[in-house]
Number of protein chains: 2
Amino acid sequence: MNAITIKDVAKAAGVSSATASRVLSGHPATSPASRAKVEAAAKELGFVPNAQARSLRSTKTDTIALLISDVRNPYFSDLAHAVEQQAHAEGIMTFIGNANEDSAQQDDFLAAMLSRRVDGLIMVPQGLGEDAERPSGMLQRLIASGTPVVFVDRSLAGVQVPSITASSTEALNEAIATLKHLGHEKIAFIGGPDHASTARERHRAFDAALEANGLDIDESLHFAGDFKAGSGARGARWLLDHPAAPTAVVIADAPMAIGALTVWREAGVAIGQELSVITFDEVDAMLMHDPPISTISHDLSGMGRAAVAALTAVMAGQSPEPEEFISHFTQRESLSRARTGAAKMEGTPTHES
Amino acid sequence: MNAITIKDVAKAAGVSSATASRVLSGHPATSPASRAKVEAAAKELGFVPNAQARSLRSTKTDTIALLISDVRNPYFSDLAHAVEQQAHAEGIMTFIGNANEDSAQQDDFLAAMLSRRVDGLIMVPQGLGEDAERPSGMLQRLIASGTPVVFVDRSLAGVQVPSITASSTEALNEAIATLKHLGHEKIAFIGGPDHASTARERHRAFDAALEANGLDIDESLHFAGDFKAGSGARGARWLLDHPAAPTAVVIADAPMAIGALTVWREAGVAIGQELSVITFDEVDAMLMHDPPISTISHDLSGMGRAAVAALTAVMAGQSPEPEEFISHFTQRESLSRARTGAAKMEGTPTHES
DNA sequence: TTGTATGCGTTATCAT
DNA sequence: ATGATAACGCATACAA
């Protein structure tokens, strides 16, 4: 075990532990002479300061925690990467935790973080199962404890925490306008789970975009998924069986889109011809698909940077304004003109399940 | 800030801090009476033990760190998920760190971990840039310090650390045999960066499989990528321009495959007809592709579990044997009979770049 | 069973 | 500029 303490270094350097500490932690009041001796000794012995003891005394850890809801979702791993890179640039360590879309695991991580006295926390918040907007007791305590917290991607209605979120309104308006222009009127929506504020926001923005474009809102064209591939596959089958035979679909995240596109491939649906597809999250796989899928993308690295900036502001005692990023719509060949003409009135059965 | 210490709890409960400590850390020698009082007081005050101080005293943190080389690679995020779930089941917290395929960032994380006295570390090791197999000084110190370490996925030749790795030999033998059976003789390989032991292992196993199946080893059919999508795209273009016009290709990971398949789609290459494709890593996107791509997959959750098991063994003072997982080949419609006949002797130009 | 006292490794305070 | 010493929050050896 590593038993080399600052005392060992001090002894080897022939100075007091106080002087050694000052040298090693960059305190100005040190003579070049002792600085040289201490540094040499520390290097010689391979001294590594004990962060536990250090932060026990100085109540600073230079560490933040990042809690995401699903490591395996590329959306969040991109976000994690962005946060981690920005924090790294500012000399801050990031611990990444995975809530696994489970509020119990979220609480475990929060407890561990609180107990480990990280300087701050960036998290994708999660309400309790049924009561989507109510923060868990653990989360309440975390906030009450005064630990700097920033929400990213999602927010919790009643909770006063600076949040970095994304608005899909503009992008969806553009997307729906494009679809309408191509003659689509029956547009399905495969959405996320209600407990995620992003899922609700996307759903709301979708309805608003329909309305803004003079299309009817038809809740029977909405499928409630859970942001994971399996539910996307279920949504795809649901769409194929749908009596209204929608000609276009918007999918609320990439894993669901991949699940859905797999089902449609198996069913022989010609994407872009028979069915126009738009998905949230611009992942590489969407460009690999033939035809490439139109996407609504977020500025993940911007959001990551903003989250770190907001957190450092909170740590400095300020109250940063919530920030909202605008999503971006990119049209690709997965869209084409809807089949039109009189036949539509009969309800052309185009898809077989 | 959270200033509630065990003393506050003790005072509120009307006992000494020692008794409070015993109750809160589950020590047997406590009376039901004081247990009740202390627990009530702790809950009342919202007491959260300071892990820093606790582990400063007890030198145990119930925390391990997991260092992966790229959070955004689904292979590693799946692995992270597996490790994290297994550790969670054993009551151990996992901190995930991202080396970003950069040995300097790896060192930063190692230093932070060492200094923070985690109980153990599971890592995907990375040699220094040029000298792939030489561990960095930081890594050497980490190991020398006695901190329990386990390598997963990759290993470092000279370094004596228990490693959980995967063997592609069997899967590649099967894959190459299948290709040969379909008439393929010019099989290209888009490999990973030499600094990753997995990249070297896959390359070796590929060559061995060719040999075992009586095919020539032709190094000009090997393209050196870096496990990222961009290099896969470059590899795809390289293949299209290759004078030997290979009829099949094996790609060493999913991101490169996605990059490559995107280029081939743009170039109008009929996958499965003109070019047979096999890739490492069975990610959902490969099943979405039309036709679905044949894969060589690893038992990531098995490897994750094994890594945690090996680490707990090391922490218990044992020396677990290295473990090697067998990869699995799954044939899908991305393979078909090679174009045969006399025309081949002319070097049929099938691809245009 | 409980309380008192000490130490974990470091930094901050106060002298010098 | 440096050294002696207290203090951070907790767990434990020892005494009661």
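Since we're looking at a predicted model, the values are computed, not measured. Chain letters run A, B, ... following the sequence lines, proteins first and then strands; every chain starts at 1.
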State, without any angle test, whether A:Arg116 and B:Thr63 hold a side-chain donor-acceptor pair at a distance under 3.5 Å.
-> yes
So which protein N/O to nucleotides 3-6 of chain D N/O distances come out below 3.5 Å?
| from | atom 1 | to | atom 2 | distance (Å) |
| --- | --- | --- | --- | --- |
| D:dG3 | OP2 | A:Ser16 | N | 3.0 |
| D:dG3 | OP2 | A:Ser16 | OG | 3.1 |
| D:dG3 | OP2 | A:Thr19 | OG1 | 2.5 |
| D:dG3 | N7 | A:Arg22 | NH2 | 2.7 |
| D:dG3 | O6 | A:Arg22 | NH1 | 3.3 |

Please report how far the helix from C:dT1-D:dA16 to C:dT16-D:dA1 bends, comparing the axis fitted to its first five pairs with the axis fitted to its last five, to the nearest 10 degrees.
-> 40°
Which residues share a salt bridge (charged side-chain N to carboxylate O under 4.0 Å, His left out) with B:Lys7, sequence neighbours left out | none
Between B:Arg35 and B:Thr30: side-chain donor-acceptor atoms closer than 3.5 Å | yes
Rounded to the nearest Å, what distance is computed from the CG atom of residue B:Leu56 to the P atom of nucleotide C:dT10?
-> 9 Å
Over how many whole Å does the gap from A:Ile4 atom CD1 to C:dG9 atom P extend?
-> 11 Å
For A:Arg116 and D:dG9, give me the distance from atom CZ to atom C1', rounded to whole Å.
-> 15 Å
Respond yes when some side-chain nitrogen or oxygen of A:Thr5 is under 4.0 Å from OP1 or OP2 of C:dG9, and no when none is.
-> no
A:Phe47 atom CZ is separated from C:dG9 atom C1', nearest whole Å, by 8 Å
Rounded to whole Å, CD of A:Gln52 lies from P of D:dC10 at a distance of 13 Å
B:Glu44 atom CD, over 12 foreign heavy atoms within 6.0 Å = no
Can you find a side chain N or O atom of A:Arg54 that sits less than 4.0 Å from OP1 or OP2 on C:dG9?
-> no
The side chain to side chain contact (heavy atoms under 4.5 Å, CB included) partner of A:Asp78 among A:Asn73, A:Val83, A:Leu300 is A:Leu300
May I ask you to evaluate whether A:Ser21 reaches the phosphate of C:dT10, defined as a side-chain N or O under 4.0 Å from OP1 or OP2?
-> no
Rounded to the nearest 0.5 Å, how far apart are CG of A:Leu139 and CG of A:Leu156?
-> 6.5 Å
Can you tell me how far P of D:dC8 sits from NZ of B:Lys7, to the nearest Å?
-> 6 Å
Counting only pairs under 3.5 Å, give me each side-chain donor-acceptor contact of residues 88-97 of chain A, with atom names and distances, residues two or more places apart or in other chains.
| from | atom 1 | to | atom 2 | distance (Å) |
| --- | --- | --- | --- | --- |
| A:His88 | NE2 | B:Asp108 | OD2 | 2.8 |
| A:Glu90 | OE2 | A:Gln86 | NE2 | 2.9 |

Note: contacts of residues 24-44 of chain B with DNA chain C (heavy atom, under 4.0 Å) are B:Ala29, B:Thr30, B:Ser31, B:Ser34
Under 4.0 Å between any heavy atoms, over every strand shown, what does B:Ile6 touch: base, sugar-phosphate, or nothing? Just pick one.
-> sugar-phosphate
Sequence neighbours left out, what passes side chain to side chain contact (heavy atoms under 4.5 Å, CB included) with A:Thr198? Give chain and number order.
-> A:Asp153, A:Arg154, A:Ala196, A:Arg202, A:Phe227
Distance only, no hydrogens: is a donor on one side chain within 3.5 Å (strictly under) of an acceptor on the other, for B:Asn100 and A:His81?
-> yes
Consider only side-chain N and O atoms of B:Ser31 and B:Ser34, and report whether a donor and an acceptor are under 3.5 Å apart.
-> yes
Any side-chain heavy-atom pair from B:Val314 and B:Val149 closer than 4.5 angstrom?
-> no
